[in-house]
Asker: 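Got a structure here, written out as structure tokens. Questions coming.
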Amino acid sequence: MTEKYDAIVIGTGQSGPALAVRLANAGRKTAIIERKLFGGTCVNVGCIPTKTLIASARAAHVARHGADFGVAIDGNITVDMMRVKARKDAVVRQSNEGVTKWLRNTPNLTVLEGHARLEGPRTVRVNERLLEAAEIFLNVGGRASVPDMPGITKVGYLTNSSMMEIDFLPGHLIIIGGSYIGLEFAQMYRRFGSRVTVVEMGPRLIAREDEEVSAAIQKILEGEGIEIRLNAKCITVAKRGNGVAAGVSCEGGPPQVTGSHLLLAVGRVPNTNDLGLEKAGVTTDARGYIVVDDELRANVPGIWALGDANGRGAFTHTSYNDYEIVASNLLDGGHRRVTDRIPAYALYIDPPLGRAGMTEREVRASGRKALAAKMMMSRVGRARERGETQGFMSILVDAENKLILGAALLGIEADEAIHSILDVMYAGAPYTVIQQAVHIHPTVTELIPTLLAGLKPLE
Ligand SMILES: Cc1cc2nc3c(=O)[nH]c(=O)nc-3n(C[C@H](O)[C@H](O)[C@H](O)COP(=O)(O)OP(=O)(O)OC[C@H]3O[C@@H](n4cnc5c(N)ncnc54)[C@H](O)[C@@H]3O)c2cc1C
């Protein structure tokens, strides 16, 4: 027998739960379905656990550098990986249980566990149950991509998900992929005490960023003893004793890196391959992302796709914003659109990279006249006081209308400081507003007006 609902939400990532609760509270009889862990990637195997582990890694790093601050620690600094994992598990559990209870305690909302598949544009099957609704919302997220590299089926490898089960110190962690996720794990495990090698196919780390950002990050990581192999165009993997050997060289450097463990961090794929999209007639692009319009509607009326699976964002805040867009347009008569969103994110190495808007490369490609400014973090009082002067702040402004085009802040507290720039961008105000603002001393943000005072034409 078909169970009738007004709305069905598949997936409990960063948009599904908020949307399901909002719909149920608005009087729509709603079902939400999760096949694995409530809260999805961010809560269980993404942002929250990694940032919790990064906090442990930073504690070890600060302890090792205690003498620089006049703090003497007798004896060796050791990291108890079982306690590190237990701390991470406790933080994750709190969020996971929070989402679960929130959903289960919401009136008018039915919570189902199991893998959901569309059977048509209005019907969803979960185990033996067939559900029907006029409105279906897909928040199915993504998973680590496992590339088809030679030898991969014959070696054991880790992904961001299985890394969460580690309660020991890998002797030598080889990380394939020198981008956001790979670099966070690289610094984290180096600080825990592992030898770490990052193997990147491209000529530089995080190719999406400007070259000077990539170069500065490489310097920070190499400064902590992380080995980085770039231009590894023909990566192969093979078992080597109890560990793994990665063939990395087409050109210079030793042809092989031998390590104890292998982590794949080479991108994400959307969870759309086993969702029955074809039965409902929902279109995906060549990489499997659900094609949506500016209000996140799929090509089939009554179906929306939110979060990573629509390819319009790859972050918790973009997924949550997808919920805000859909809820506003559906329930509040709003006209919010994805294209109103300014790209913004952080890379949580230490010190972090905070990014907003366009890169310098994008600004140049746009052909507009721009002004640019850069300041080293060594000029920032807060950074000097904390003994963490690595990195720089850079900003780009439209020379004609004075609007801020983009910024890259790499340095202590940059993930917070970037918001003062981002909010001025959202306000549509000229950079002079922030330049004339009086910020609090001593902070990182107080130097942003000084940074802006140094604007010069982008050569
Ligand atoms: C290691 C790592 C670190 C990250 N760090 C950050 C960070 O610091 N900041 C940030 O903004 N973002 C970060 N991200 C990205 C962030 O986790 C995601 O962008 C965010 O979770 C949004 O995901 P989502 O809402 O699309 O769905 P997800 O969180 O991926 O959740 C989707 C849910 O749908 C379920 N599901 C899938 N298919 C089905 C089905 N057929 N039936 C039933 N259930 C289904 C899944 O089990 C899952 O629970 C990180 C990601 C990783 C991997």
Side-chain angles (χ1 to χ4, degrees), residues 8-20 31-55 88 92 95-96 99-100 103 111-119 124-127 129 131 136-145 158-164 175 177 179-186 188 263-277 288-290 292 296 305-323 326 343-349 352-355 415:
I8 298 171
V9 178
I10 303 180
T12 66
Q14 288 300 308
S15 33
L19 184 62
I32 187 163
I33 308 154
E34 174 54 56
R35 70 178 178 188
K36 214 169 169 195
L37 298 167
F38 286 91
T41 307
C42 180
V43 164
N44 300 288
V45 293
C47 343
I48 292 180
T50 54
K51 271 79 243 180
T52 308
L53 293 169
I54 284 169
K88 182 270 293 176
V92 167
S95 295
N96 168 275
V99 179
T100 312
L103 294 175
V111 179
L112 299 170
E113 291 188 59
H115 184 100
R117 285 182 191 86
L118 294 163
E119 293 226 325
V124 175
R125 179 168 293 283
V126 195
N127 306 322
R129 296 167 78 161
L131 281 50
I136 297 176
F137 304 90
L138 308 172
N139 177 218
V140 291
R143 61 185 184 277
S145 160
L158 295 154
T159 65
N160 69 287
S161 298
S162 45
M163 283 300 283
M164 295 303 130
I175 302 176
S179 201
Y180 306 91
I181 291 174
L183 297 186
E184 289 184 7
F185 278 113
M188 181 198 301
L263 165 62
L264 296 180
V266 287
R268 312 273 302 159
V269 287
N271 291 325
T272 53
N273 55 319
D274 188 16
L275 192 54
L277 292 176
Y289 290 98
I290 299 165
V292 291
L296 303 169
L306 303 89
D308 290 11
N310 65 26
R312 304 293 290 267
F315 302 101
T316 281
H317 45 279
T318 50
S319 179
Y320 190 78
N321 180 236
D322 285 358
Y323 144 68
V326 171
Y345 50 86
L347 161 65
Y348 288 97
I349 58 158
L353 169 72
R355 280 269 302 108
D415 54 328

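Atoms within each ligand, like the ligands themselves, are counted from 1 in listed order.
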Asker: Geometry only, no angles: is T50 polar-contacting ligand 1 at N/O separations under 3.5 Å?
Answerer: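 For ligand 1, there is no N or O atom that lies under 3.5 Å from one belonging to T50.
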
Asker: Distance check, rounded to the nearest 0.5 Å: L263 atom CG versus I175 atom CD1?
Answerer: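 It comes to 5.0 Å.
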
Asker: To the nearest 0.5 Å, how far apart are NZ in K36 and OG1 in T12?
Answerer: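 Rounded to the nearest 0.5 Å, the NZ-OG1 separation comes out at 12.0 Å.
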
Asker: What protein heavy atom sits nearest atom 31 (O) of ligand 1, and how far off is it?
Answerer: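 Protein heavy atom with the smallest distance to atom 31 (O) of ligand 1: G13 CA, 3.2 Å.
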
Asker: Counting heavy atoms only, which of D274, D308, V43 comes nearest to atom 18 (C) of ligand 1?
Answerer: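 Nearest option to atom 18 (C) of ligand 1, by heavy atoms: D308.
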
Asker: Please confirm whether K51 comes under 4.0 Å of ligand 1, counting heavy atoms of the residue only.
Answerer: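 Checking ligand 1 against K51, which is what was asked, there is a heavy-atom contact under 4.0 Å.
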
Asker: Among protein heavy atoms, which sits nearest to atom 53 (C) of ligand 1, and what does the distance come to when rounded to 0.1 Å?
Answerer: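 Heavy-atom neighbour on the protein nearest atom 53 (C) of ligand 1: N160 ND2, 3.2 Å.
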
Asker: Are any of the heavy atoms in S161 under 4.0 Å away from ligand 1?
Answerer: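 No; S161 lies far enough from ligand 1 that no heavy-atom distance drops under 4.0 Å.
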
Asker: Only heavy atoms of L275, strictly under 4.0 Å: list the atoms of ligand 1 that pass.
Answerer: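 Going through ligand 1 atom by atom, the ones under 4.0 Å from L275 are 41 (N).
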
Asker: Against heavy atoms of G40, which atoms of ligand 1 measure under 4.0 Å?
Answerer: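 Selected atoms, number and element: 29 (O), 31 (O), 48 (C), 49 (O).
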
Asker: Measure the distance from atom 44 (N) of ligand 1 to every protein heavy atom, then report the residue, atom name and distance (to 0.1 Å) of the closest one.
Answerer: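 Heavy-atom neighbour on the protein nearest atom 44 (N) of ligand 1: R35 N, 3.2 Å.
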
Asker: Tell me: protein heavy atom nearest atom 24 (P) of ligand 1, and distance?
Answerer: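 That would be N139 ND2, 3.6 Å.
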
Asker: Is there a heavy atom of R268 sitting under 4.0 angstrom from any atom of ligand 1?
Answerer: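 Yes; R268 lies near enough to ligand 1 that a heavy-atom distance drops under 4.0 Å.
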
Asker: Please could you name the atoms of ligand 1 that I10 approaches to less than 4.0 Å, counting only its heavy atoms?
Answerer: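 It comes down to these atoms of ligand 1: 40 (C), 42 (N), 43 (C).
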
Asker: Could you tell me, atom by atom, which parts of ligand 1 come under 4.0 Å of a heavy atom of Y348?
Answerer: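 Within the 4.0 Å cut-off of Y348, ligand 1 contributes 8 (O).
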
Asker: Just need the protein heavy atom nearest to atom 37 (C) of ligand 1, so name the residue and atom and give the distance.
Answerer: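 Going by distance alone, atom 37 (C) of ligand 1 is nearest to V140 O, 3.2 Å.
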
Asker: Where the closest heavy atom to atom 25 (O) of ligand 1 is concerned, which of S319, G142, G141 has it?
Answerer: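 Of the listed residues, S319 has the closest heavy atom.
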
Asker: Using a strict cut-off of 4.0 Å, indicate which atoms of ligand 1 neighbour a heavy atom of G114.
Answerer: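 Taking each heavy atom of G114 in turn, ligand 1 has 42 (N), 43 (C) under 4.0 Å.
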
Asker: With no hydrogens and no angle check, just 3.5 Å: does a side-chain donor-acceptor pair link S319 and Q14?
Answerer: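 Side chains of S319 and Q14: no pair found under 3.5 Å.
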
Asker: So, is T41 polar-close to ligand 1, with some N/O to N/O distance under 3.5 Å?
Answerer: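 Indeed, backbone or side chain, T41 has an N or O that close.
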
Asker: Among all protein heavy atoms, pick the one closest to atom 49 (O) of ligand 1 and tell me residue, atom and distance.
Answerer: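 Here the nearest protein heavy atom works out to E34 OE1, 2.7 Å.
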
Asker: Check V292 against A305 and note the closest heavy-atom contact, atom names and distance.
Answerer: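 Nearest heavy atoms, V292 then A305: CG1-CB, 3.7 Å.
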
Asker: Quick check: do L131 and L112 have side-chain heavy atoms less than 4.5 Å from each other?
Answerer: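 In short, these two side chains touch, coming nearer than 4.5 Å.
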
Asker: List ligand 1 atoms under 4.0 Å from I33, heavy atoms only on the residue side.
Answerer: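 Matching atoms, with element in brackets: 43 (C), 44 (N).
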
Asker: In chain order, what residues pass the side-chain contact (heavy atoms from CB on, under 4.5 Å) check against N96, with sequence neighbours excluded?
Answerer: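 Residues passing side-chain contact (heavy atoms from CB on, under 4.5 Å) with N96: L37, F38, V43, N44, T100.
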
Asker: Distance check, rounded to the nearest 0.5 Å: F137 atom CZ versus L306 atom CG?
Answerer: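 So the gap between those two atoms works out to 7.5 Å.
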
Asker: Is F315 in polar range of ligand 1, meaning some N or O pair under 3.5 Å apart?
Answerer: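 Yes; the residue has a nitrogen or oxygen that sits under 3.5 Å from a nitrogen or oxygen of the ligand.
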
Asker: How close do G16 and N139 get, counting heavy atoms only, and between which atoms?
Answerer: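 Looking at all heavy atoms of both residues, the closest pair is N-OD1, 2.8 Å.
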
Asker: Which option, C47, A265, G46, G11, owns the non-hydrogen atom nearest atom 14 (N) of ligand 1?
Answerer: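 Looking at heavy atoms only, the winner is C47.
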
Asker: Nearest non-hydrogen contact with atom 41 (N) of ligand 1 belongs to which option: P49, A116, C42?
Answerer: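 Selected option, by shortest heavy-atom distance: A116.
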
Asker: Which atoms of ligand 1 are found less than 4.0 Å from any heavy atom of L37?
Answerer: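 It comes down to these atoms of ligand 1: 49 (O).
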
Asker: Could you tell me the residue and atom name of the protein heavy atom closest to atom 20 (C) of ligand 1, and the distance to it rounded to 0.1 Å?
Answerer: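 Answer for atom 20 (C) of ligand 1: T316 OG1, 3.6 Å.
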
Asker: Could you tell me whether some N/O pair between A314 and ligand 1 is separated by less than 3.5 angstrom?
Answerer: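 Yes.
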
Asker: List the atom pairs, with distances to 0.1 Å, where a side-chain N or O of residues 264-271 and a protein N or O form a donor-acceptor pair under 3.5 Å, not counting sequence neighbours.
Answerer:
residue, atom, partner, partner atom, Å
R268, NH1, N160, OD1, 3.0
R268, NH2, G142, O, 3.0
N271, OD1, R143, NH1, 2.8
N271, ND2, V140, O, 2.8

Asker: With heavy atoms of H317 as the reference, note each atom of ligand 1 found under 4.0 Å away.
Answerer: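 Selected atoms, number and element: 11 (O).
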
Asker: Hey, can you tell me if Y345 and F315 have their rings parallel, tilted or perpendicular (30° and 60° cut-offs)?
Answerer: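 Aromatic pair Y345/F315 classed parallel.
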
